[in-house]
Amino acid sequence: MLELSFIRENPDVVVERLSVKNFDAAALVQQIIALDAKRRETQKTLDDTLSQSNQIAKEIGKLYKIGKTDEANALKEKTALLKQQSKNCGDDLAQIEIDLQNLLVLLPNMPHSSVPKGKAAEDNEVVRQEGKIPDLSADAIPHWDLATKYKIVDFELGVKITGAGFPVYRGKGARLQRALINFFLTEGVKAGYEEIQPPLMVNEASGYGTGQLPDKEGQMYHATIDNLYLIPTAEVPVTNIYRDLIVKATDFPIKNVAYSNCFRREAGSYGKDVRGLNRLHQFDKVEIVQIQHPDKSYETLEQMVEHVAGLLRKLELPFRILRLCGGDMSFTSALTYDFEVFSAAQKKWLEVSSVSNFETFQANRMKLRFKDDDGKMKFAHTLNGSALALPRVVAALLENNQTPQGILIPDALKPFTGFDIID
RNA sequence: GGAGAGAUGGGUGAGUGGCUUAAACCAACAGUUUGCUAAACUGUCGUACUCGUAAGGGUACCGGGGGUUCGAAUCCCCCUCUCUCCGCCA
């Protein structure tokens, strides 16, 4: 959510910036400013009315004490009107605030000045590409067939137990999962992140805090009896640690790393893009989250990008980094870098990480603040990124490292798997 | 799931209708004193909205929501959560 005071003072900037996201905010911004003026006017009236009532109530108290009951009773009659007025005014104000809030949540976050214009994925800017794309023979096997061949991921079994998109990992497949999780967490801890093991279910308030609710409700599994949601990412419980908090400026940067299962309904998706491990209802991901001072958040974003790049380098996977264009960015982000690994048998780039700076957009919604050096209360900046999501990393590892003897494990991972080859 | 007790500022905790402008203590911050540290003393010490160039005002907030009253932290109703005991349970 954008800050109201900023919109009020810089309406043109908001409209101009949001045009990069192909969002025409002119009319909305105007409505918000008009409604805000009305809110303040109503607030003033209400405060004045209540102030009068308070004055009279005090006087009545004094009169009773010195025994002037008649005068007190006379004053009481005067308060009836004030009471009715403040009731009406309070109701109006409450409605205005709801309306205002409903308008404010319609505005996406403003993209950073470095965000390229563009409509869709093909307009994203390739920042850089690293690693050698393996030259596989024409009969290279896609990961879903490798998974069956080596009996490491059983998709049909998952269908039997649960349904499509819930694969069963077994043998060295299961051990590879555990190794990757451990590797990613270990690297995160080495980089100074505090490890968190969050709940996998969250309440409504947390869903609102990070913006999954109300608009993306259909993306989450909902346990209706207890009104809890299965998390789509550890970002939700971890970022909500800091909901309604006033942190100390000296605590910055706050760094958390968390592994979790992630659950996504992925309503309406189908086709070859979702084959095998490419898209699942349940998957594993290690997430990094940082809370940072506004002056330092972009420096932090670069560090997080470098952290993710380091992971992919150690896994010896070819990858590229994209700066998302305005049209492809999420509603909440100010700047997002996507990481894609090359999956050599599918001959496709697969997204494995998305690293974003949300600036104050989430903090405003969550009321995450800190006291700055000038003594003023300000919203902190929040950032997060996947480091990393497992399924597509596994897909690329299987495809890229396939040999006639079996699938080779990269050196950095061997201490975690305890084996060198899947055969 | 059953029975009972609770929820007050960063923390402990007083407060049963107007004397509360939420006491007191602790923590924190600033200053004074002092070789340093410590201690002592003095002062500051919530958040949001709003009026004002400012100084400084106003309003709301004692878990959340409603109600009674001229006036509510205090009385009433609903909800949420926590604790204790019982039941169930890895």
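It should be emphasised that the depicted structure is a prediction, and the values quoted were computed from it without experimental measurement. Below, read A as the first sequence line, B as the second, and so on, with proteins coming before strands; counting in each chain starts at 1.
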For nucleotides [N] and [M], find the distance between their [atom1] atoms and express it as a whole number of Å.
N	M	atom1	answer
B:G66	B:C45	P	31 Å
B:G52	B:G57	C1'	8 Å
B:A72	B:C19	P	12 Å
B:U69	B:U53	P	41 Å
B:C78	B:A24	P	37 Å
B:C81	B:A60	C1'	24 Å
B:A40	B:C26	P	9 Å
B:G4	B:U8	P	22 Å

Can you tell me how far [atom2] of [N] sits from [atom1] of [X], to the nearest Å?
X	N	atom1	atom2	answer
A:L82	B:G58	CG	P	17 Å
A:K38	B:U50	NZ	P	16 Å
A:K83	B:G67	NZ	C1'	10 Å
A:N227	B:U80	CG	C1'	13 Å
A:L368	B:U47	CG	C1'	15 Å
A:K58	B:C19	NZ	C1'	13 Å
A:Q43	B:G52	CD	P	13 Å
A:Y64	B:U69	OH	C1'	10 Å

Ring centres under 6.0 angstrom apart (A:F252, A:F370): yes
Near-ring test A:H381/A:Y298, centroid separation under 6.0 angstrom: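 Judged by ring-centre distance (under 6.0 Å), A:Y298 and A:H381 do not meet the cut-off.
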Ignoring hydrogens and angles, tell me if any N or O in the side chain of [X] forms a donor-acceptor pair with the backbone of [Y] under 3.5 Å.
X	Y	result
A:D423	A:Q405	no
A:E399	A:A396	no
A:N357	A:L383	no

N or O in side chain of [X] less than 4.0 angstrom from [N] OP1/OP2:
X	N	answer
A:K367	B:U47	no
A:K76	B:G71	no
A:N54	B:A60	yes

Now, which nucleotide makes the Watson-Crick or G-U wobble pair with [N], with each of the two distances under 3.5 Å?
N	answer
B:A3	B:U84
B:U34	none
B:A60	B:U47
B:G71	none

Touch class at under 4.0 angstrom, heavy-atom based, for A:L50 against every strand present: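 Answer is sugar-phosphate: A:L50 comes under 4.0 Å of backbone atoms only.
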Sugar-phosphate only, base, or nothing, as touched by A:K371 at under 4.0 Å among non-hydrogen atoms: sugar-phosphate
Whichever of A:I246 and A:R40 has its nearest RNA chain B nucleotide further upstream toward 5': A:I246
Residue whose closest nucleotide on RNA chain B lies nearer the 5' end, A:I56 versus A:Q52: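 This one resolves to A:Q52.
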Check against salt bridge (Lys or Arg N to Asp or Glu O under 4.0 Å), A:R313 and A:E306: CA-CA 10 Å; A:R313 257 177 234 133; A:E306 213 30 59; 3.1 Å; yes
Which nucleotide in [options] has an atom nearest any side-chain atom of [X]:
X	options	value
A:S51	B:A48, B:U59, B:G18	B:U59
A:T79	B:C70, B:C49, B:G58	B:C70
A:D47	B:U59, B:C70, B:A48	B:U59
A:K44	B:G58, B:U50, B:C70	B:U50

Cationic N near anionic O, under 4.0 Å, A:D251 to A:K248: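 No.
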